[in-house]
Amino acid sequence: VPLMTVRYGLYTLATESRLGLDELRGQRVGVLRGSPLLGNLRAAQFSRIHEAKDYRDLLRLLRDGTLDAVYAGTPMLEAAMDAYGQARPLFVLQTTLGEGTLYMAASLGLDAAEAQRWVAAYRQLEEDGTVTRLRRRYIR
């Protein structure tokens, strides 16, 4: 089930000046280990790419100066800022680099009838406005 379109953004500390894509290419950029977003950075000719195990690590490395920027899905990284007590004003979205569709997915081993129940439940949440209310509340 397609849930939403996610923009991928490059974040720096808010104390940094505004940087364009060309300036960011020379920076130390962090991304989640094993993330398909790594390919986006390489395709855009980023060369100083560092992988971290999770969003908490990425934010810590950015805060302590080991990284100059973090590249991630904007709603995911911003949710991690909230979850790990990192005030959003400490960071700034410099620019976006690509986007993708976020899907609800399940194991191939999931029974087809169960999968259909999940899809039907999601469609019902869309129809009654719950999905819209949740997006407004959690995805700023």
Side-chain angles (χ1 to χ4, degrees):
V1 175
L3 299 176
M4 63 187 286
T5 299
V6 174
R7 293 179 311 146
Y8 306 131
L10 286 147
Y11 289 80
T12 64
L13 292 176
T15 57
E16 301 293 321
S17 59
R18 296 298 290 177
L19 302 171
L21 196 54
D22 287 337
E23 296 160 307
L24 287 162
R25 277 190 184 96
Q27 303 291 315
R28 297 167 299 177
V29 178
V31 66
L32 286 177
R33 185 176 300 136
S35 171
L37 297 183
L38 185 60
N40 293 3
L41 290 173
R42 288 187 177 135
Q45 300 177 340
F46 281 78
S47 58
R48 299 176 69 193
I49 303 168
H50 302 273
E51 296 180 66
K53 67 179 180 171
D54 55 30
Y55 292 118
R56 181 189 302 255
D57 249 8
L58 286 169
L59 292 168
R60 179 185 58 78
L61 293 168
L62 183 56
R63 294 270 325 260
D64 74 14
T66 302
L67 294 175
D68 301 307
V70 169
Y71 181 58
T74 59
M76 292 78 146
L77 189 61
E78 290 175 1
M81 290 171 190
D82 297 342
Y84 300 128
Q86 302 289 324
R88 287 190 191 190
L90 295 173
F91 309 95
V92 65
L93 174 62
Q94 294 286 351
T95 190
T96 58
L97 177 62
E99 63 182 32
T101 302
L102 180 67
Y103 288 88
M104 176 174 65
S107 166
L108 292 174
L110 184 68
D111 179 70
E114 178 71 13
Q116 286 301 340
R117 285 192 292 274
W118 278 91
V119 171
Y122 182 76
R123 296 289 181 238
Q124 183 178 359
L125 293 172
E126 280 184 317
E127 290 172 13
D128 74 12
T130 300
V131 170
T132 300
R133 285 191 304 279
L134 289 170
R135 283 185 181 149
R136 276 193 216 121
R137 181 173 180 183
Y138 293 105
I139 303 172
R140 303 176 216 171

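Residue numbers count from 1 along this sequence.
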**OP:** Could you state whether Tyr84 and Val92 fall into the same hydrophobic cluster, counting links through intermediate Ile, Leu, Val, Met, Phe, Trp or Tyr residues with side-chain heavy atoms under 4.5 angstrom apart?
**Re:**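 Shared cluster, no.
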
Original post:
Linking I/L/V/M/F/W/Y whenever any side-chain heavy atoms sit under 4.5 Å apart, do Trp118 and Tyr122 land together?
Top reply: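 The answer is yes; both residues are in one hydrophobic cluster.
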
Subject >> Gln86-Arg63 side chain donor-acceptor pair, cut-off 3.5 Å >> reply: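 A donor-acceptor contact under 3.5 Å links the two side chains.
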
Can you tell me how far the [atom1] atom of [X] sits from the [atom2] atom of [Y], to the nearest 0.5 Å?
| X | Y | atom1 | atom2 | result |
| --- | --- | --- | --- | --- |
| Gln116 | Leu110 | CD | CG | 10.0 Å |
| Arg123 | Asp128 | CZ | CG | 13.5 Å |
| Leu41 | Ser35 | CG | OG | 8.5 Å |

Original post:
Where do Leu37 and Leu32 land on the side-chain contact (heavy atoms from CB on, under 4.5 Å) test, with the steps shown first?
Top reply: CA-CA 8 Å; Leu37 297 183; Leu32 286 177; over 6 Å; no

**OP:** Identify, with sequence neighbours excluded, every residue that meets side-chain hydrogen bond (donor to acceptor under 3.5 Å, both in side chains) alongside Thr95.
**Re:**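 So Thr95 forms no side-chain hydrogen bond (donor to acceptor under 3.5 Å, both in side chains) with any residue.
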
**OP:** Quick one: list whatever passes side-chain hydrogen bond (donor to acceptor under 3.5 Å, both in side chains) with Arg42, sequence neighbours left out.
**Re:**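 Partners of Arg42 under the side-chain hydrogen bond (donor to acceptor under 3.5 Å, both in side chains) test: none.
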
What pairs of donor and acceptor atoms, side-chain ones from residues 2-14 against any protein atom, are under 3.5 angstrom apart with sequence neighbours left out?
residue, atom, partner, partner atom, Å
Tyr11, OH, Glu78, OE2, 2.7
Thr12, OG1, Gln94, NE2, 2.7

Between [X] and [Y], is any pair of side-chain heavy atoms under 4.5 Å apart?
| X | Y | value |
| --- | --- | --- |
| Leu97 | Phe46 | yes |
| Leu77 | Leu59 | yes |
| Val70 | Phe91 | no |
| His50 | Leu61 | no |

Side-chain donor-acceptor contacts of residues 99-108 below 3.5 Å, not counting sequence neighbours, with atom names and distances?
residue, atom, partner, partner atom, Å
Ser107, OG, Gly109, N, 3.0

Closest contact, heavy atoms only, [X] versus [Y]:
| X | Y | value |
| --- | --- | --- |
| Leu62 | Leu67 | CD1-O, 3.5 Å |
| Asp57 | Ala52 | CB-CB, 3.9 Å |
| Arg18 | Leu93 | NH1-O, 3.2 Å |

Original post:
Sequence neighbours excluded, which residues qualify as salt bridge (Lys or Arg N to Asp or Glu O under 4.0 Å) partners of Asp111?
Top reply: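 Applying salt bridge (Lys or Arg N to Asp or Glu O under 4.0 Å) to Asp111 gives none.
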
Subject >> Qualifying salt bridge (Lys or Arg N to Asp or Glu O under 4.0 Å) pairs, either residue in residues 22-32, two or more places apart >> reply: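 Only Asp22-Arg25, Arg28-Asp68 qualify under salt bridge (Lys or Arg N to Asp or Glu O under 4.0 Å).
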
**OP:** Count the heavy atoms belonging to other residues, nucleotides or ligands that lie under 6.0 Å from CD of Gln124, then report whether that count exceeds 12.
**Re:**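 Counting neighbours around CD of Gln124, 12 or fewer heavy atoms of other residues, nucleotides or ligands fall under 6.0 Å, so no.
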
